Amino acid sequence: MKKAPNIILVGPMGAGKTTIGRLLSQAMGKEFYDLDKVIEDNAGADIPWIFEREGEDGFRKRETQALSSLVQSDKENCVLATGGGIVMRDENRSILNDGSVVVYLYASVSQQLYRTSKSSHRPLLQTGDPKATLRKLFEVRDPLYREVATLVVETDARHPKSVANKVLDAIKRHLNTETSIS
Ligand SMILES: Nc1ncnc2c1ncn2[C@@H]1O[C@H](COP(=O)(O)OP(=O)(O)O)[C@@H](O)[C@H]1O
Ligand SMILES: O=C(O)C1=C[C@@H](OP(=O)(O)O)[C@@H](O)[C@H](O)C1
Ligand SMILES: [Mg+2]
């Protein structure tokens, strides 16, 4: 029998990947992984510490390693929330494109800013002007999210539960179309 595809969430910081991923996994009865948490568990240190000691490059190496071992480890039936920079490496985009259902959670820059402002755990946003940083990252990354996405779901002005339901409906519709006889 065909394996159930993994569901992978991509999108910018503050799109709600971690929050929606957890809700979605519960609703679908799938196991949930947050890639940032996997990286932290593997490193025995948190993300700000990794950025401080190893720089962004060190973090990206760990991120690719965690992604490839999770997705290529024959894991099935899981929901994976990635970090916002996952699409930056070609190698990562190839892994994402290899049989998973990839959902791009879209959020406007102002929503990203609002939702990330309560936490200081994102090293890339510890700048004088986080809005300008988010805008620059969005310009580079939005086309890459769209390149890997199977589905795009808008999250602005929606409660997390409502976003999760919208994602669920979009996945069901996608899988039904994929398996129906034309
Ligand atoms: N649809 C939403 N509406 C309002 N707040 C949200 C929504 N999705 C996530 N949040 C909140 O935004 C913050 C960042 O969410 P998170 O899931 O960590 O985003 P990401 O993993 O994409 O960076 C959290 O405080 C979360 O509760
Ligand atoms: O956009 C990025 O490059 C990053 C996003 C973060 O994850 P979230 O998107 O879950 O905040 C985390 O992986 C790290 O701080 C780098
Ligand atoms: Mg997250």
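Atoms within each ligand, like the ligands themselves, are counted from 1 in listed order. Everything numeric here is computed off the predicted structure, so don't read it as measured data.
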A.B. asks: For the atom pair CZ (Arg62) and CD1 (Ile47), what is the distance rounded to the nearest 0.5 Å?
C.D. replies: 10.5 Å
A.B. asks: Can you tell if the side chain of Leu24 reaches within under 4.5 Å of the side chain of Ile171, non-hydrogen atoms only?
C.D. replies: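 They are in side-chain contact.
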A.B. asks: Pick one: which of Leu9, Val10, Val152 meets side-chain contact (heavy atoms from CB on, under 4.5 Å) with Leu105?
C.D. replies: Leu9
A.B. asks: Look at atom CZ of Arg93 and say whether more than 12 heavy atoms of other residues, nucleotides or ligands are closer to it than 6.0 Å.
C.D. replies: yes
A.B. asks: Lys136 and Lys131: side chain to side chain contact (heavy atoms under 4.5 Å, CB included), yes or no, with the steps?
C.D. replies: CA-CA 9 Å; Lys136 269 190 220 143; Lys131 186 166 193 182; over 6 Å; no
A.B. asks: Does a sphere of radius 6.0 Å around NZ in Lys37 hold more than 12 heavy atoms from other residues, nucleotides or ligands, not counting ones at 6.0 Å or beyond?
C.D. replies: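 Result for NZ/Lys37: open.
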A.B. asks: In order of chain and number, which residues sit within 4.0 Å of ligand 2 by heavy atom?
C.D. replies: Met13, Lys17, Asp36, Ile47, Phe59, Arg60, Gly83, Gly84, Gly85, Arg122, Pro123, Leu124, Arg141
A.B. asks: List, pair by pair, the atoms of ligand 1 and of the protein that are both N or O and lie under 3.5 Å apart, giving the separation rounded to 0.1 Å.
C.D. replies:
residue  : atom   : partner : partner atom : Å
ligand 1 : 1 (N)  : Arg158  : O            : 2.7
ligand 1 : 3 (N)  : Arg158  : O            : 3.2
ligand 1 : 17 (O) : Thr18   : N            : 3.4
ligand 1 : 17 (O) : Thr19   : N            : 2.9
ligand 1 : 17 (O) : Thr19   : OG1          : 2.5
ligand 1 : 18 (O) : Arg122  : NH2          : 3.2
ligand 1 : 19 (O) : Gly16   : N            : 3.2
ligand 1 : 21 (O) : Thr18   : N            : 3.1
ligand 1 : 21 (O) : Thr18   : OG1          : 2.9
ligand 1 : 22 (O) : Ala15   : N            : 3.3
ligand 1 : 22 (O) : Gly16   : N            : 2.9
ligand 1 : 22 (O) : Lys17   : N            : 2.8
ligand 1 : 22 (O) : Lys17   : NZ           : 2.8
ligand 1 : 23 (O) : Gly14   : N            : 2.9
ligand 1 : 23 (O) : Arg122  : NH2          : 2.9

A.B. asks: Does Tyr33 have Lys30 sitting over its ring (NZ/CZ under 6.0 Å from centre, angle to axis within 45°)?
C.D. replies: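 Judged by the rule, Lys30 and Tyr33 form no cation-pi pair.
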A.B. asks: To the nearest 0.5 Å, what is the distance between NE2 (His121) and CG (Asp46)?
C.D. replies: 5.0 Å
A.B. asks: Check the orientation of Tyr106 and Phe138. Use parallel for under 30°, tilted for 30 to 60°, and perpendicular for over 60°.
C.D. replies: perpendicular
A.B. asks: How about Thr19: does one of its N, O or S atoms come closer than 2.8 Å to the Mg ion (ligand 3)?
C.D. replies: no
A.B. asks: Atom CD1 of Ile86 and atom CD1 of Ile95: how far apart are they, to the nearest 0.5 Å?
C.D. replies: 8.0 Å
